[in-house]
Amino acid sequence: MRQRVDYSLYLVTDRALCGGHGVVQTVREAVAGGVTVVQLREKSLDTRTFVETARAVRAELAPLGVPLLINDRVDVALACGADGVHLGQTDMPYETARALLGRDAIIGLSVETMAHVHEAKRLDVDYLGISPVFATSTKADTAPPWGLEGVRRIRLATHHLLVGIGGIGAGNAADVLLAGADGVAVVSALCGQPDVRLAAAALRRTVDGK
């Protein structure tokens, strides 16, 4: 049976930004501060190091019941026993990923246009990643930002859970949720922060409306 997931505060890792903390320590502190889902995003690691890192992160998350998703790489997800993957529009097709991972795996899909949103209606994806909500410097190959109005339009167009990503931090996370997202994904708002746990706790309070 596919697990129910709280997508409210979603960490996407960035090895370069994590700096001295490192990816595993950043994940550990972020979850302690209130992150509920972790996506491991590694664009430049060799496969062996990627799998080793994923296994180390999974060892941190599994006892806590926090899902681990792997960006793009279905093979790495299978190798480390991750809970699922997040796919972009040019990654492995959803149907192929579902066939390889099985019916219980979590699969998220980025949507960059309204055509992507409508196309996803026929797919049993677990959530749509609205990418990017705002302009961001942590990912170079992004589509034009959706903005808050774009989030509202997507909310009206689909029944899928929605996670906003791109340029989101403590100052605008509440706006993204009010526009219709079910969760916010953050990168630089946590990766590389002097105190990752404190930064995550501040975001947690924002997401919870406290």
Margin query: salt bridge (Lys or Arg N to Asp or Glu O under 4.0 Å) for Asp126 and Arg98? Distances and angles first, verdict last.
Written below: CA-CA 11 Å; Asp126 295 87; Arg98 176 63 73 195; 3.6 Å; yes

Next item on the list: Show the numbers, then the answer: is there a side chain to side chain contact (heavy atoms under 4.5 Å, CB included) between Val12 and Val186?
Entry: CA-CA 6 Å; Val12 179; Val186 298; over 6 Å; no

Notebook entry, point to check: Between Arg155 and Asp182, does a side chain to side chain contact (heavy atoms under 4.5 Å, CB included) hold up when you go through it step by step?
Noted result: CA-CA 10 Å; Arg155 179 70 287 162; Asp182 300 285; 3.1 Å; yes

Notebook entry, point to check: What's the verdict on side chain to side chain contact (heavy atoms under 4.5 Å, CB included) for His21 and Val196, showing C-alpha distance, side-chain angles and the deciding distance?
Noted result: CA-CA 9 Å; His21 294 301; Val196 176; 4.0 Å; yes

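No donor-acceptor pair under 3.5 Å is formed between the side chain of Thr158 and the backbone N or O of Ile154. Although no hydrogens or angles enter the test, the distance criterion places no donor-acceptor pair under 3.5 Å between the side chain of Arg152 and the main chain of Gly147. Lys121 places no side-chain N or O within donor-acceptor distance of the main-chain N or O of His159, the cut-off being under 3.5 Å. Side-chain N or O atoms of Thr206 include one that pairs as donor or acceptor with a backbone N or O of Ala202 at under 3.5 Å. In this structure a side-chain-to-backbone donor-acceptor pair under 3.5 Å is missing from Asp208 to Arg205. Remark: the backbone N or O of Ser110 is not paired with any side-chain donor or acceptor of Ser131 at under 3.5 angstrom. A donor-acceptor contact shorter than 3.5 Å is absent between the side chain of His160 and the backbone of Asp124.
Under the 4.5 Å side-chain criterion, counting only non-hydrogen atoms from C-beta, Leu177 is in contact with Val207. Residues Leu161 and Tyr7 meet the side-chain proximity criterion, which asks for heavy atoms closer than 4.5 Å. The side-chain heavy atoms of Leu11 and Cys191, taken from C-beta on, include a pair separated by under 4.5 Å. Between Leu128 and Val163, the closest side-chain pair of non-hydrogen atoms is not below 4.5 Å. Between Val38 and Thr13 there is a side-chain heavy-atom pair separated by less than 4.5 Å. Side chains of His86 and Asp72 form no contact here, defined as non-hydrogen atoms less than 4.5 Å apart. Taking the side chain as every heavy atom from C-beta outward, Val66 and Glu60 never approach each other to under 4.5 Å. The shortest distance between side-chain heavy atoms of Val184 and Tyr10 does not fall below 4.5 Å.
Contact between Val133 and Pro145 at its shortest, heavy atoms only, is O-CB, 3.5 Å. Minimum heavy-atom separation, Leu190 to Ala200: CD2-N, 3.4 Å. Among all heavy-atom pairs drawn from Leu148 and Ala179, the shortest one is O-CB, 3.8 Å. Counting all heavy atoms, side chain and backbone alike, Val187 lies closest to Leu17 at CG1-CD1, 4.1 Å. Listed here is the closest heavy atom pair of Met114 and Trp146: N-CH2, 3.5 Å. Closest approach of Gly129 and Tyr127 over heavy atoms only: N-CD1, 4.0 Å.
Distance check, rounded to the nearest 0.5 Å: CG of Leu87 to CE of Met92 gives 8.0 Å. The CZ atom of Arg204 sits 3.5 Å away from atom OG of Ser8, with the distance rounded to the nearest 0.5 Å. To the nearest 0.5 Å, the span separating CD1 on Ile130 from CG on Leu162 amounts to 4.5 Å. Summarising the geometry, atom CD belonging to Glu42 is positioned 5.0 Å from atom CG belonging to Leu40; distances are rounded to the nearest 0.5 Å. Distance check: Gln89 CD to Glu119 CD gives 8.0 Å after rounding to the nearest 0.5 Å. Here the CE atom belonging to Met1 is positioned 9.5 Å from the CZ atom belonging to Arg103, to the nearest 0.5 angstrom.
Linking Ile, Leu, Val, Met, Phe, Trp and Tyr whenever their side-chain heavy atoms come within less than 4.5 Å puts Leu78 and Val57 in one cluster. The same ILVMFWY cluster, assembled from side-chain heavy atoms under 4.5 Å apart, contains both Leu9 and Leu64. Val37 and Leu61 fall into different hydrophobic clusters, defined by Ile, Leu, Val, Met, Phe, Trp and Tyr side-chain heavy atoms under 4.5 Å apart, directly or through other members. Clustering ILVMFWY residues whenever any of their side-chain heavy atoms sit less than 4.5 angstrom apart, transitively, puts Val31 in a cluster other than the one holding Val5. The cluster map of Ile, Leu, Val, Met, Phe, Trp and Tyr, joined by side-chain heavy atoms under 4.5 Å apart, puts Leu100 and Leu123 in the same cluster.
Salt bridge status for Arg2 with Asp83: absent, with no side-chain N to carboxylate O gap under 4.0 Å. Using a 4.0 Å cut-off between a side-chain N of Lys or Arg and a carboxylate O of Asp or Glu, Arg48 and Asp46 do not qualify as a salt bridge. Looking at Asp91 and Arg41, no side-chain N of the basic residue comes within less than 4.0 Å of a carboxylate O on the acidic one, giving no salt bridge. Looking at Arg122 and Glu95, a side-chain N of the basic residue comes within less than 4.0 Å of a carboxylate O on the acidic one, giving a salt bridge.
Scanning for salt bridge (Lys or Arg N to Asp or Glu O under 4.0 Å) contacts around Asp14 gives an empty result, with sequence neighbours left out.
A donor-acceptor contact closer than 3.5 angstrom is absent between the side chains of Ser44 and Arg15.
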